[in-house]
Number of protein chains: 2
Amino acid sequence: MTFDEVLADLQAQARTTKHAETGLWVAAQLRSRIEAGKLKPGSKLAEEALREALGVSRNTLREAFTALHAEHIVTRIPNRGVFVAHPTADDIREIYRVRRFLEPAAVLWAGEAPLEPLEAIVKAARAAATAGDISGMAGANQDFHRALVNRAGSERLNSLMDQVLAEMRLVFHSMAANPAFHQPYVEDNARIVELMDAGDRAAAADFLSAYLGRAEAQLLAAVER
Amino acid sequence: MTFDEVLADLQAQARTTKHAETGLWVAAQLRSRIEAGKLKPGSKLAEEALREALGVSRNTLREAFTALHAEHIVTRIPNRGVFVAHPTADDIREIYRVRRFLEPAAVLWAGEAPLEPLEAIVKAARAAATAGDISGMAGANQDFHRALVNRAGSERLNSLMDQVLAEMRLVFHSMAANPAFHQPYVEDNARIVELMDAGDRAAAADFLSAYLGRAEAQLLAAVER
DNA sequence: AAAAGACGGATTGTTCAACAATCTGAGAGA
DNA sequence: TCTCTCAGATTGTTGAACAATCCGTCTTTT
């Protein structure tokens, strides 16, 4: 590595270093608790209580709120406060509109990226399925779809997909969870990798698009009940 | 319109009202000046000077900074300040990575949306071309690509595309502008609409993808000089 | 004379406390 | 039962303060 390369590396490091340290930390704390389901959809995030619990100032807390709001994880109602987002039917439609765009496109047009990560995730999902590990299956499913988009190699598409998947987790938390929901998708995902491996990316994209449509319909039916 | 619909409408209004009013207003002010080229890439946005010029508090100004930072319009260097973003070659590659994903997908999979808006923009672009109106052509070109993605009807894809196009404008501001750059794309866009109208969306998508590749190469060559 | 190190001024990062604006809920009155 | 009013509570916004970091200049060393 030349000296110039070291300089460039140091500069990149410096540019990506955390600068709003505390605010981001608070946002991460809240995010993890929301995604773990400890803060349920609809819950109000009272400023004063959180401020004291976290030991930060109101300004810092509100900075964290802004970040979570941008991620669609919380809802802001003016002069009323911040609430854990409670995805509606329209939100679910929007989520799947994005997914039916991003994921088939990734299957079709991210050709040169390796398939090994996908195969590894399918393997893990099968292991979780035989072990009856529901949350393991759910996690592997999310990992699979994230990895699919990740093959495009775009930072912005990755973060869009991360946001959408985070909202998906909120959807699961906001309805009575059906333990068997993720089961059929283990083999569906395996089939997609199989088709891609065989070079038939068009068929893989079609199959994926159809199954995203099925999943959407299933969630819409569940949420409208 | 029924009473319930009026209620829903009012609720939607209330939810979309500006809540961080001042901060968003400041962000909009800065954004418009940056995109108009009045604040050139690389310029430092000094806090104290802007604070006084805008008549807002430092806190509010910094809130606007974080918003612009999230849009990749400004760069933050810890303890050094905020600068108007200066897109690198890697940034251009990332922009086109996203565009070659979003736009062909929109051509292929946003089938039922009307074509009239696209045709109107092509007409406006031709008028600007015959009038020799460079910035009119540039604007129509951006409008065209935004409208293309807009047909998908997804709020998030729209805002991603808006961000990418905003960064494109920064690219144009950060290099010696070639007045003839936008010219050939007027007829290329017309051809895309033509192919879509004929029902041959696959051909339209291929054509679009190829021409995005050409544009990327052209910009990369210009920026590396 | 050139390079390294130390110092002071200026700018940014972070927090706190106060005031203004708005909403919620209870009670009075028709 | 409904509407209106008012007090308490919560949020939106701001200004000021302190700590941390950086830049330019001067001094020291070789």
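Protein chains get the first letters and strands the later ones, always in sequence-line order, with residue 1 at the start of each.
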>> Show the nearest heavy-atom pair for residues B:T75 and B:A85, with the distance to one decimal.
In response: OG1-CA, 3.7 Å
>> If you count every heavy atom of other residues, nucleotides or ligands that lies below 6.0 Å from B:E155 atom CD, does the total exceed 12?
In response: no
Salt bridge (Lys or Arg N to Asp or Glu O under 4.0 Å) partners of [X], counting only residues at least two apart:
| X | answer |
| --- | --- |
| A:E47 | A:R58, A:R62 |
| B:R214 | B:D188 |
| B:D162 | B:R146 |
| B:R93 | B:D90 |

Shorter than 3.5 Å, N or O on both sides, protein versus nucleotides 19-25 of chain D: list them out with atom names.
unit_1 : atom_1 : unit_2 : atom_2 : d
D:dT21 : O3'    : B:N79  : ND2    : 3.3
D:dC23 : OP1    : B:R80  : NE     : 3.2
D:dC23 : OP1    : B:R80  : NH1    : 2.9

> What pairs meet the salt bridge (Lys or Arg N to Asp or Glu O under 4.0 Å) rule with one or both residues in residues 104-114 of chain A, with sequence neighbours excluded?
Replying inline: none
Whole angstrom value for the distance that separates [atom2] of [N] from [atom1] of [X]:
| X | N | atom1 | atom2 | answer |
| --- | --- | --- | --- | --- |
| A:E47 | C:dT22 | CD | P | 17 Å |
| B:F65 | C:dT14 | CZ | P | 15 Å |
| B:E48 | C:dG9 | CD | P | 18 Å |
| A:F83 | C:dC23 | CZ | P | 13 Å |
| A:K44 | D:dA9 | NZ | P | 13 Å |
| A:R76 | C:dC23 | CZ | P | 16 Å |
| A:I77 | D:dT10 | CD1 | P | 17 Å |

> Taking only residues two or more places apart in sequence or in another chain, which ones pass side-chain contact (heavy atoms from CB on, under 4.5 Å) with B:E116?
Replying inline: B:P114, B:E119
> Can you list the residues that meet the side-chain contact (heavy atoms from CB on, under 4.5 Å) rule with A:A215, with sequence neighbours excluded?
Replying inline: A:Y96, A:Y185
So which protein nitrogen or oxygen atoms get under 3.5 Å of nucleotides 15-18 of chain C's nitrogens or oxygens?
unit_1 : atom_1 : unit_2 : atom_2 : d
C:dT15 : OP1    : A:T22  : OG1    : 3.1
C:dT15 : OP2    : A:T60  : OG1    : 2.5
C:dC16 : OP2    : A:S57  : N      : 3.1
C:dC16 : N4     : A:N59  : ND2    : 2.3

>> Holding to side-chain hydrogen bond (donor to acceptor under 3.5 Å, both in side chains), I want the full list of residues that pass it with B:E216, two or more places apart in sequence or in another chain.
In response: B:R100
> Of all residues at least two apart in sequence or in a different chain, which pass the side-chain hydrogen bond (donor to acceptor under 3.5 Å, both in side chains) check with B:R99?
Replying inline: B:E103, B:H145
Polar-atom pairs under 3.5 Å, protein N or O versus N or O of nucleotides 6-8 of chain C: list them with distances, or write none.
none

> Which nucleotide sits closest to the side chain of A:R62: C:dG13, C:dT12, D:dT13?
Replying inline: D:dT13
